[in-house]
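Down below is the structure, laid out as structure tokens.
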2 protein chains.
Amino acid sequence: MTAAVAFIDDQGLSGLTMRRLGSSLGVEAMSLYRYIPGRQELLDGVVDTIVNQMYDDEEIHQSPQHGWQDFLQRLAHGVRRIALAHPKAFPLVASRPPEAPWLRPPLRNLKWVESFLDGLASEGFSDEAAVAAYRAFTSFLLGHLLLEVSSLGADVGPLDVLEDDSQPSSLADYPRVRRLHGALAEDHSAAEFEMSLENLLERISLLQTEASS
Amino acid sequence: MTAAVAFIDDQGLSGLTMRRLGSSLGVEAMSLYRYIPGRQELLDGVVDTIVNQMYDDEEIHQSPQHGWQDFLQRLAHGVRRIALAHPKAFPLVASRPPEAPWLRPPLRNLKWVESFLDGLASEGFSDEAAVAAYRAFTSFLLGHLLLEVSSLGADVGPLDVLEDDSQPSSLADYPRVRRLHGALAEDHSAAEFEMSLENLLERISLLQTEASS
DNA sequence: ACCTGAACACCGTTCAAGT
DNA sequence: ACCTGAACACCGTTCAAGT
């Protein structure tokens with residue numbers, strides 16, 4: 001299972017094939033069916049592996065000890081760290097059918113949701129505030145990471161190294177883009193993540209106090 | 001090309017196969033190679049079709065006439081509408097290699113970026129503010145939509161209709177989740193989109209005025 | 001000029017057969 | 001109990017051959 005994650009990490013999602021995974025394990029592909037029922041389930045396993053990696057990380061997952069802000073900060077940063085460590089596999093988290101499809105946003109593991117709600121409740125969040133916080137937090141976090149990861153991983157399939165003949169693709173037609181080329185190319189994703197997270201925590205703190213009205 | 005989009009819309013991404021697309025057009029698969037070089041390029045074409053659909057929509061794409069807030073509102077809503085109309089195809093927008101990989105966030109069509117920057121400039125945005133607004137706006141919009149779309153489309157592959165034997169999967173183990181089941185299941189994605197967009201526009205308006213300091 | 005059939009290398013998956 | 005070989009139905013893609 002962890003072999004599959006490693007495989008995706010360096011071969012890309014479309015590089016993961018039963019036959020290739022098999023031979024990378026020194027075994028014929030057909031043997032894999034002794035351990036998992038099929039490729040779909042293999043992918044589900046990959047997602048679970050990553051998600052559990054987040055759940056088990058001591059750094060990430062512990063009840064709040066320095067306030068809920070610290071709790072959510074750690075959660076957000078921890079999830080981001082692991083997502084960025086597996087850019088090619090992370091999109092699966094969103095594309096596999098979730099364990100709880102009725103959840104908004106849907107998520108794969110309820111274990112996770114439970115401990116999230118638990119953490120907030122222990123910090124004095126009302127039920128309503130905790131649910132609203134869940135919504136805002138997960139949709140920010142997943143949305144942001146799905147985008148950030150897509151600019152890395154970009155699993156194109158076994159597209160051979162593309163020639164660098166691709167000019168800055170007729171930048172001539174786009175004067176504004178050309179002029180701001182430098183600024184537009186800077187990677188601020190980490191700083192932006194920080195800013196948006198700050199902003200989100202502020203909004204959540206409003207939610208929390210609002211509840212008493 | 002539009003045939004391919006329609007195909008994905010109801011068969012899912014993994015249902016789109018050269019052979020099947022061919023026969024849905026009343027032609028042998030091999031003929032398709034007269035028109036496009038391969039499957040990868042077909043997918044690129046699908047993305048371009050969708051993106052152009054957004055670009056050409058009169059409702060969406062016009063220079064600001066009622067202020068930049070209205071401009072961005074219309075843009076956001078228009079893009080969302082089209083994304084939700086093609087939930088199975090939209091993720092491709094993020095996973096295909098972009099035309100301008102150096103852009104942060106990377107995007108497929110510079111045409112789009114150019115007119116975005118143009119619109120803001122015509123509303124008095126400085127270069128720096130326009131770039132910052134581009135970053136914040138696109139990463140919010142794409143991030144949010146990627147997540148929202150994934151809870152629809154969910155292209156699992158030709159997984160036959162799964163039996164409804166799937167209990168509310170041992171909800172017993174998660175008392176908190178069970179208790180808040182009702183609240184957690186409500187779909188507020190539209191309202192949340194609205195709220196986050198509001199919030200984003202406020203942040204952008206700060207950016208804009210800050211520039212003079 | 002456009003389409004087709006046959007072919008090749010690769011999939012996922014099944015199953016009878018080997019040890 | 002675990003692995004394998006051969007087989008089936010399906011891919012993407014190429015190419016010589018048909019009209």
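Proteins get letters first, then strands, A, B, ... in listed order; numbering begins at 1 in each. The analysis underlying the following values was restricted to heavy atoms, covering all of them including side chains, and did not include hydrogens, waters or symmetry mates. Keep in mind that this is a model prediction, so the values were computed, not measured.
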Need one value for [X]: base, sugar-phosphate or nothing, where a base atom within 4.0 Å counts as base even if backbone is also close, heavy atoms only.
X: A:R39; value: sugar-phosphate
X: B:S31; value: base
X: A:M30; value: base

Between [X] and [Y], is there a donor-acceptor pair closer than 3.5 Å when you use the side chain of the first and the backbone of the second?
X: A:N109; Y: A:K111; result: no
X: B:R20; Y: B:G15; result: yes
X: B:R176; Y: A:F116; result: no

Quiz prompt | CZ on A:R96 to CZ on A:R108, rounded to 0.5 Å | solution = 7.5 Å
Quiz item: Atom NE2 of B:H181 and atom CG of B:L184: how far apart are they, to the nearest 0.5 Å?
Solution: 8.5 Å
Quiz prompt | Range on DNA chain D touched by chain B - first to last nucleotide, heavy-atom distance under 4.0 Å | solution = D:dC11 to D:dT14
Exercise. With a 3.5 angstrom cut-off on both distances, give the Watson-Crick or G-U wobble partner of D:dC10, or none if there isn't one.
Key: none
Self-check item: Base paired to C:dC15 (Watson-Crick or G-U; both N/O distances under 3.5 angstrom)
Solution: D:dG5
Practice problem: Specify the residue among A:R34 and A:R19 whose closest nucleotide of DNA chain C lies further upstream toward the 5′ end. | Solution: A:R19
Self-check item: Ring centre gap for B:F140 and B:F193 strictly below 6.0 Å
Solution: yes
